[in-house]
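The structure that follows is given in the form of structure tokens.
Chain identifiers are assigned alphabetically (A, B, ...) following the order of the sequence lines, protein sequences preceding nucleic acid strands; residue numbering begins at 1 within each chain. It should be emphasised that the depicted structure is a prediction, and the values quoted were computed from it without experimental measurement.
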Amino acid sequence: MKNIKTNILGFGLVLLLVSSCSNDLNTEPKTQITLDQLLAKDPNAIEGLVSKMYGSFSLSGAGGPNTTDTPGDDAGESPFLRGIVNLQDFTADDMKNRWGDNGLDQLTTTSDWDANNKFFRYLYNRVYYTVPQCNNLISVMDNADVPNKDQYKSEIRFLRSLAYYYLIDCFGKGVLVTEADLGSSIPKEQSSRIELFNFVEKELIEIQDKLPQTNGYGRANKAVARMLLAKLYLNAEVYTGTARYADALIYAKKVIDEGGYSLAPNFQSLFSADNNQTVAKEEIIYALIADPLVSQSWGNTTYIIDGSLSSDTMTLIDYGATAGWGGHRATKAWYGLFGNSPAALDASSDDRAHLFWSNYLNPDATKRHNFEMTDYKVWKDGYPSTKFRNSNFVGTTIPTQFAGTDFPLFRLADVYLMYAECVLRGGGGTNALALEYVNDVRKRSHAGSISSGELTLDFILDERARELNFEGHRRTDLIRFGKFAGGSYLWPWKGGVKDGTAIPDSYNLFPIPLKAMQANPNLTQNPGY
Amino acid sequence: MKTIYKKLLFLILFLPFSALAQIALGGTVLDKISKQPLPGVNVNIKGTAISTSTDIEGKFKLLKIKKGDIILFSFVGYKKTTFVYDSQKQININLEEETNQLQEIVVQVGYGTSKKKDATGSVTLLTAKDFNKGAIISVDQLLTGKVAGVRITNDGGQPDSSPNIRIRGGASLSASNNPLIIIDGVPIGDLNPAGVSNPFTLINPNDVESFSVLKDASATAIYGVRASNGVIIITTKKGTTGAPQYNYSSNVSIGKVGKKLDVMKASDFIKFIEQYHSTKTNLLGIDDPSTSAVDDLSTPQIEGRLISDTDWQSQIFRTAISTDHNFSARANLNKKVPFRASVGYAKNQGLLKTSDYERVSYSLKITPKLLNDNLKIDVNAKGTYTNKNSIDEGGALYGAMSMDPTKPVYGPSYANKFSGYYQETILNGGRDFTNGATNPLAILEQRSRPERAIRFLGNVEFDYKLPFLKDLRAVVNLGLDASQSLIRESFANNSIQTYTFNQGTDPASNYLFNPGLNYLEHQTSTNKTMDAYMAYSKSLKGFVTKFDATGGYSYQDFRTDGFSEQFQNNLSTGIREPKIDPENPYNRYFLPLNLQAYFARTNFDLLGKYLFTATFRADASSLFQKDKRWGYFPAVGAAWKLKEETFLKNINSIQDLKLRIGWGKTGQANIAGTVGYFPSRPLFGIGNVNGQYLPGLNTYTALPFDPNITWEKTSTINLGLDFELFQGSILTGSFDVYKRKTTDLLAVVPSPPGQGTGGSEFIKNVGSIDGNGFELNLNVKAIRTDDFYLGLGGNIAYNYNSVTDLKGVSVVQDTGSGLNQTGVYLAFNPVGGQPYSAWVFQQIYDTKGQPIVGAYTDLNGDGKIDNGDRYYKALRPNWTFGFNSTFNYKNWDFTANFRGQIGGQVYNLKRLTNGNIQSGAPLNGTSLNNVLNFYDGSASPLFTNFNGNATFSDYLLEDASFLRCDNVSLGYKFAKFINKSTLRLSGSVNNLFIVTKYSGQDPENFNGIDRSFYPRPRTYTFGVNLDF
């Protein structure tokens, strides 16, 4: 009997143990936190979440330069800005890259594009990382008691619109997801370019009023939203088939008149490491921030600067860099706009002509660069662009591994040229003001004024090249001017041929990445791929 | 009453005399035929409680023996033998194998044991006589090639190399495919302690008594979760019930590199540079300070350069000398408590310089029986201290392959900054940057990274036979697996890898080094296990001949907690300083996992020949949300002992025959390695100090999660046959055929764009994988005479898995298959194809068999070569095999073990990186790289580079079939070495040779991609083994 009692007791003990153990199945993290813990811990938590979304256009991940938000994609190669340079500049006439990493050759030579090219996927994935994260954050704010909620929500809606803008521009279609779609994993139907356009237009019109007149550096304000709206309208004919130059002009003018921006006195200051501190920041409407210590990325301006340097022919520390990756060089389609020889570039009064590394006077002939890009894989064929640099415009420079130069995604000179283009395209405004704006941009770089007779659309395209190349606009510009696809305009290595050859119209859009099509069967491929 | 006292008194008086009269008897028990010693033989003086068992060398010692005592020797699988004691001091006993050896073998089946003859599932037992021999440091090496359908591929020749074990090819995609490992009843966590790559180093191979490998679901289902890829149960040796026994064994081994990479020596390399990169001969060698001459590129001579002839591979490899010492003692404490203790010390040198490994191991096992033998207690404690210098093997191996052979190992002293090691530099802007490959010898010798870990594994099992119901037992098993690790990486003075700059302008002084601590990590892990179950067992007469039932609860809790100190260089001074993240100052990480389960099993035998098993298990994991947490895993099995049927009873050529059939379902949730420990919960991560954005704010990120994920389930149906044929069981073996289906597959798949918060892909329960295959194990006793024995054994297995569904997705990339370029992957898991298949173009060859560069078959015939022309080719083999022979003649013994695979592919990545013309002088740099030898066919000079489609040419895939001679061993035993001890001397060679068509170093490659590969050494071992 006693034994039975002991046994029952023992069995009871075991049961007790079991029931107390079942709680252990709810394990608690210690280095990650729940939303409630986050909000309780940091009064600025929402701003921290907003900051992360801003950073999505520049950084690869929250854990530093070797981590990625988009698993499966290389942390170094996949950041947004790197994608913009690869897809908007290498594919166009201004910049070529020689590495030939799997898929990069196809971009540089605008040939053999296919849905499997990882560089298309990287940008696409970054867009579709940013959009649902923004949706999630909007929903978080809707459900939490957050001071200043409206402004943060508007900023997030701007960032979502910015991501969609690049989807519209590069891929031409995709699913349209908002905070209403959170939690649904049934693949959505694809939205057309017009539907996406209408959504972004509606969003930007709504938030321009909710955004503050001025905001912290690197953040969206009224002018930033209007600038994006102006860009959307400027390219509306390409995106929707309906020209909206008058609308573009209205919003460009609002940015100019109400934004409070002014041209920096010196062109070079805009692309130097201290462009967030010097007077240059008065011109920058929207910057993608970089910092050598706290905002490190292999895909922000570090990529532009280090990629344009090589110790073979250049002195790295002159540009504040500690490494030269020897990759990107401009073509004569860009520097040829300033002169037909290195000597002519040197002799030009235009400050912007001096931002190419020809080294043609070097006594050592092996250090000189060639004006012609006979072989895009040879470093010395073509001139590296020294427009972007990690050296300070004012004062001394300490060379760093990661760049601290902020990337001016939107700046006033662009708006001036957009205004002039709208005028020339019949969007209203006045020729006189257009000429004044163009000459303001030129005079700043000592390029000399032009006459009203010289102000033509072709001139605008060239001036945009001189002023804005390597800033992620060129492919869009060429398409808008009808000069990207087809054979009406050729540039070095277009279509994979040294002097260029015609490429099919289908190249006006990138292929939808294979991986996306595999994940959502509703997606259809762009024609020609 | 009085007489009793008298008798007692007499007894007491007599006791000392009888004690004096006690004589000890020593002896050895051998297999009658093979003359191999038999360990674990029970030796008992008939009619008394005096007993002992033989040790590893078959030796035993009996005290308290009197003339005329009958000694009984019994051992599973052998005929009982008696011996009448007649004052001998030493005897040799030969046991004869029972003709029907399956009869008594006991296998572990999870929460209990079963006789092999009664097992309904596919269970393979391996004991000491089956183990691999030679230089063996971790227990997985004992098993390699021995069990059909178990493929063990280590990562290379590192002393602590991680084994990749696949039983039947693996059932999962993104979840782990590793089998569950159970050591003395304690399931081992999936996460290795920091500093330990191989979980099997936790046990000293000399302490292992047996392995039970559970392959099919009717056998593994009792373990439920974590069991879908099979279970390996390791049991360690027990104490004795007789006289103390001691064993000392020791070996010394010498390891040598087998095949080095065929890169060019200096003379070939110069020829190559002159032929293909004639404008770069001025980069060969180093500047000759005694002359101002500069190489004139227009002349064939190389002027003004000092040319060395360095074999960089020889510089980093060494003749590795390793030693291993083990001592064990078995005794019966207070004549009641069987006890075994062992200590071991192993010091291993890896083939690469400074790749050192040291292990101290100990074990203790106490198995007392209390309360009239009703309470059996099994106490195990084992532990290791390991100290490994973790080298940067990738860097060193890559450097040794790629570094220009015309460069010297040590640099000229006049300009050398790097403690003598040669390193090419290039002056740019007042800074003397390093250039080209880093000196691989400096990589090894200028950094030290001791990774020290202390690990303890212990358990106490109470097995109590309830006094009021003898057939019912209550078992409680408490286990603890705990470890502490410390990793400390530091650099020597003037190490190339800490070379950096200050802000000066004079290159002669504008640099600095950061010697000392560079990284520190501390980790503790505490894994607790508890099993509590009741087991009822009853033998009956009549229709039901046996019935048993087991039911219980299992609790496992894994916790790993660690922190690290990280450093970065100050932006302005270049001096290394701690990198402090205010949100997580010590970079803490915390990885908790909790698993709980209820399980039940019943066996019943009908008429002694129809056996049935049913199990059921319910499992819960902390990885899933509450409502998705529980998984239910049933299994049934049946066996028919055909030999018991009247129609076979009298057929002598069939000694035994058993047919098994089983079906079961197991679970898998081991995804923490891929998606972390909280994949189903919405959490926020805190951005680190380098990942901030807007000034003055901490960034926070919503982490990816999926609340809907749940168990992956694998069901297997298995049909098996165990047989023993011919008189004397000449031929024994088993044959299994199975079909397996994994559903709710946990796989990382692309998310519909915009609809997953986790970026472009996350884990999901999608689709299914089907597998099928068969396994055959055969053992032949070819020759058996009194002096002579020849035994042969072999196994072969075939496995074919295919992805049958990915829920709408047609293929997922396998992120384990990255090539040298970032973001480029070779392998995919395509629906309709085998998992881990390379997606490649079909190379076209000319009539001479040479590849035509850039020409691929237009498989879809659309006139262009694009992704539509790529096809899938499985990288992992479908066929694996192993065979061995044992040969004994008198006191000599010889064994040889072989294994291999048929099929499978290996991607020769070295051809891609170092097997093309361009790789000799990279476009990007001002330095030269060594290349595979184009002049002897190691690579083809046809390829200028492997850009674009060429990366995916099936030219780079090679047949990975191989046959490896794993080990041969020869031993001689002195049966009467000093007094009663025995001594065995042995010599063995591991990895003696490999037969393969693969042109690279080693086709045995788990990932099928031959990147920087730590060569497996050929090891010559001399060992002594002393029993006393």
Under 4.5 Å from any heavy atom of chain A, what part of B/Val809 do you find: side chain, backbone, both or neither?
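Both backbone and side chain.
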
Are side-chain N/O atoms of B/Lys579 and B/Asn690 paired as donor and acceptor at under 3.5 Å?
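Distance-only check passes for B/Lys579 and B/Asn690.
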
Atom group of A/Lys41 that falls short of 4.5 Å from chain B, counting heavy atoms:
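Just its side chain gets close to chain B.
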
In this structure, is the centre-to-centre distance between the rings of B/Tyr598 and B/Tyr553 below 6.0 Å?
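Here the rings of B/Tyr598 and B/Tyr553 have centres that are less than 6.0 Å from each other.
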
Give, as side chain, backbone, both or neither, the part of B/Asn584 having an atom under 4.5 angstrom from any heavy atom of chain A.
side chain

If I measure from the heavy atoms of chain B, does A/Asp114 come under 4.5 Å with its side chain, its backbone, both, or neither?
side chain

Does any backbone or side-chain atom of A/Asn116 lie under 4.5 Å from a heavy atom of chain B? Answer side chain, backbone, both or neither.
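A/Asn116 touches chain B through backbone and side-chain heavy atoms alike.
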
Need one label for B/Ser572: side chain, backbone, both or neither, based on atoms under 4.5 Å from any heavy atom in chain A.
both

Could you look at B/Glu583 and say if it's the side chain, the backbone, both or neither that has a heavy atom under 4.5 Å from chain A?
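For B/Glu583, the side chain is the part near chain A, not the backbone.
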
What part of B/Arg588 lies closer than 4.5 angstrom to a heavy atom of chain A: side chain, backbone, both or neither?
both

With no hydrogens and no angle check, just 3.5 Å: does a side-chain donor-acceptor pair link A/Asp105 and A/Tyr376?
yes

Counting only heavy atoms closer than 4.5 Å, note whether A/Leu514 contacts chain B via side chain, backbone, both or neither.
side chain

Is B/Phe433 in contact with chain A via its backbone, its side chain, both, or neither, using a 4.5 Å heavy-atom distance?
side chain

Could B/Arg870 and B/Phe952 be counted as a cation-pi pair, given that NZ or CZ must be under 6.0 Å from the ring centre and within 45° of the axis?
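Satisfied, under 6.0 Å and within 45°.
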
Side chain / backbone / both / neither for B/Ser621 at chain A, heavy atoms under 4.5 Å:
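For B/Ser621, the contact with chain A is made by the backbone alone.
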
B/Lys626 portion near chain A, given a 4.5 angstrom heavy-atom threshold
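Only the side chain of B/Lys626 comes within 4.5 Å of chain A.
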
Measure from the ring center of B/Trp630 to the ring center of B/Phe624 and say whether it is less than 6.0 Å.
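Not close enough - the centres of the two rings lie 6.0 Å or further apart.
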
Relative to chain B, which of A/Ile289, A/Asn520, A/Thr315 shows the most heavy atom pairs under 4.5 Å?
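Answer, by heavy-atom pair count under 4.5 Å with chain B: A/Ile289.
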
What part of B/Val811 lies closer than 4.5 angstrom to a heavy atom of chain A: side chain, backbone, both or neither?
both

Residue part contacting chain A, namely of B/Tyr825, when any heavy atom lies under 4.5 Å
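B/Tyr825 touches chain A through side-chain heavy atoms alone.
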
Would you tell me whether B/Arg473 and B/Asn374 have side-chain atoms, one donor and one acceptor, within less than 3.5 Å of each other?
no

